[in-house]
Amino acid sequence: LNKQLPNVVGTQKSYLNQVYGPADLQALAAARVDVITNPVPGGNYFGFRFGRNTSSNPVTHQDSYTTLTDYIATTLNAGAGQFIGRTLSPREQREAQSAISAYLDNMWAAGQIGNANGTIPYSVTIRSGQPGTGTQYGVVMVQYFDIVEYFLIDFTGGASVQITTPQQIAALNS
């Protein structure tokens with residue numbers, strides 16, 4: 001959403017010198033269809049107009065959800081391979097939990113995952129399966145930052161508008 005798509009130099013619409021009108025964009029958004037447009041809300045470049053997948057769930061309908069979920073799941077899957085063939089012991093479980101937590105901690109430090117409260121945005125639990133099956137379970141929960149889809153501004157303008165600065169408020173309260 002609102003990020004420049006490198007190497008995109010045109011679309012069918014742009015080559016015909018056409019643009020999507022407000023009604024077109026509204027209909028496409030309602031139908032959960034994303035399009036590449038120029039401009040996008042962030043500027044004069046080609047990008048995905050809505051940044052959404054086809055999900056009707058507002059928590060998971062953003063492309064960022066799909067991309068980040070796939071990235072984390074693929075990385076966890078690759079990292080879990082180092083524990084295959086090892087003895088399923090408390091030490092091995094601590095090491096697995098530590099490895100996954102370190103990965104997620106690095107993502108958090110890089111600003112890739114998180115929450116508005118600034119609290120730890122993940123939990124990792126490792127446990128054994130049924131004895132004799134060689135199964136180990138990792139339960140990993142990760143919070144993603146929300147993505148700004150709408151920026152609403154309450155605007156008032158005109159000659160009669162009264163502006164109160166923080167200094168004026170402080171003077172009134174003292």
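- Here the CG-CG distance, from Asn7 to Leu5, works out to 9.5 Å after rounding to the nearest 0.5 Å.
- For Phe46, there are no ring-ring contact (aromatic ring centres under 6.0 Å, His included) partners, not counting sequence neighbours.
- Looking at Arg49, its side chain never comes within 3.5 Å of a backbone N or O of Pro41 through a donor-acceptor pair.
- Residue-environment remark: CD (Gln26) stays at or below the threshold of 12 foreign heavy atoms within 6.0 Å.
- There is a path of hydrophobic side-chain contacts, each under 4.5 Å, that joins Val124 to Tyr71.
- Here the shortest heavy-atom pairing between Arg32 and Ser56 reads NH1-CB, 3.6 Å.
- Checked by atom type and distance alone, the side chain of Asn38 pairs as donor or acceptor with a backbone atom of Tyr45 at under 3.5 Å.
- Here the side chain of Ser14 pairs no donor or acceptor atom with the backbone of Gly10 at under 3.5 angstrom.
- Taking both residues in full, the closest heavy atoms of Ile147 and Ser64 are given as CG1-OG, 3.3 Å, listed atom of the first, atom of the second, then distance.
- Nearest heavy-atom pair across Gly51 and Asp34 is N-OD2, 2.8 Å.
- Not counting sequence neighbours, the partners of Asn115 by the side-chain hydrogen bond (donor to acceptor under 3.5 Å, both in side chains) test are Thr119, Gln143.
- Both Ile100 and Ile72 sit in one connected hydrophobic cluster of ILVMFWY residues. Membership requires side-chain heavy atoms under 4.5 Å apart, directly or through other members.
- Hydrophobic clustering (ILVMFWY, side-chain heavy atoms < 4.5 Å, transitive): Ile36 and Leu25 are in distinct clusters.
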N/O donor-acceptor pairs under 3.5 Å from side chains in residues 103-114, not counting sequence neighbours:
unit_1: Asp105; atom_1: OD1; unit_2: Tyr122; atom_2: OH; d: 3.3
unit_1: Asn106; atom_1: ND2; unit_2: Ala102; atom_2: O; d: 3.4

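- The list of side chain to side chain donor-acceptor pair (under 3.5 Å) pairs with a residue in residues 77-89, not counting sequence neighbours, reads Arg86-Glu95.
- Every residue two or more places apart in sequence or in another chain that forms a salt bridge (Lys or Arg N to Asp or Glu O under 4.0 Å) with Arg52 is listed here: Glu149.
- The two residues Thr60 and Ser55 have their closest heavy-atom pair at OG1-OG, 3.0 Å.
- Among pairs with a residue in residues 124-140, those fulfilling side chain to side chain donor-acceptor pair (under 3.5 Å) read Glu92-Gln136, Gln93-Ser128, Thr133-Thr135, at least two apart in sequence or across chains.
- With hydrophobic clusters built from ILVMFWY side chains whose heavy atoms lie under 4.5 angstrom apart, Ile120 shares a cluster with Leu68.
- Between the side chain of Thr69 and the backbone N or O of Thr66 there is no donor-acceptor pair closer than 3.5 Å.
- A cation-pi arrangement is not found for Lys3 relative to Phe48, the charged atom failing to lie both closer than 6.0 Å to the ring centre and inside a 45° cone about the ring normal.
- Ser98 contributes no side-chain N or O that, together with a main-chain N or O of Arg94, makes up a donor-acceptor pair within less than 3.5 Å.
- The backbone N or O of Asn53 sits nowhere less than 3.5 Å from a side-chain atom of Gln62 that would complete a donor-acceptor pair.
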